[in-house]
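Remarks on the structure that follows.
We number each residue from 1, following the sequence as shown. Below, each value reflects all heavy atoms present in this structure, side chains not excepted, and no hydrogens, waters or symmetry copies.
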Amino acid sequence: MTRGNGAPIRRTIRRHQLREMVPLADSTIYEMEQRGEFPRRFALSPRCVVWDLAEVEAWLAARRASPVRRAQHPDVRQRRARPVRERDQARGAASKAG
């Protein structure tokens with residue numbers, strides 16, 4: 001489709017259409033937009049925001065092309081609340097209780 005002056009019409013998608021394409025939470029998408037890792041939304045009216053379909057499709061293609069590194073597992077021994085006991089201490093406490 002083109003306009004009268006020959007420029008192509010840009011297709012936009014709303015939030016529910018974006019959710020069908022990108023299965024991420026709204027908060028995750030918002031944070032990624034703020035960091036510049038996801039196409040930015042823009043407002044059509046005070047209550048309606050949309051994304052450029054071509055930008056979202058290009059983002060998906062780029063994500064498919066390069067694998068995303070998995071997050072490292074947290075070191076649970078460093079947490080302050082509910083510290084992890086060593087195995088020897090856990091066995092000793094269990095034998096004393098029994």
Using the side-chain contact (heavy atoms from CB on, under 4.5 Å) rule, take R63 and W59 through it: C-alpha gap first, then chi angles, then the decisive distance, then the call. CA-CA 6 Å; R63 295 295 270 210; W59 180 83; 3.7 Å; yes

Check against side-chain contact (heavy atoms from CB on, under 4.5 Å), V49 and F42: CA-CA 5 Å; V49 294; F42 58 94; over 6 Å; no

Evaluate side-chain contact (heavy atoms from CB on, under 4.5 Å) for M21 paired with L53, printing each intermediate quantity in order. CA-CA 10 Å; M21 294 176 67; L53 179 61; 3.8 Å; yes

Walk me through whether F38 and T28 qualify under side-chain contact (heavy atoms from CB on, under 4.5 Å). CA-CA 10 Å; F38 194 80; T28 303; over 6 Å; no

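Between I13 atom CD1 and E57 atom CD the span is 8.0 Å, to the nearest 0.5 Å.
Nearest heavy-atom pair across R11 and D52 is O-OD1, 3.4 Å. In terms of heavy atoms, R41 sits closest to E33 at NH2-OE1, 2.7 Å.
Shown are M32, E31, R19; of these, the side chain to side chain contact (heavy atoms under 4.5 Å, CB included) with L24 is made only by M32.
A donor-acceptor pair is defined here as one N or O able to donate and one able to accept, closer than 3.5 Å; such a pair exists between the side chain of Q17 and the backbone of R14.
Counting only residues at least two apart or in different chains, ring pair (Phe, Tyr, Trp, His ring centres under 6.0 Å) contacts with residues 14-33 are absent.
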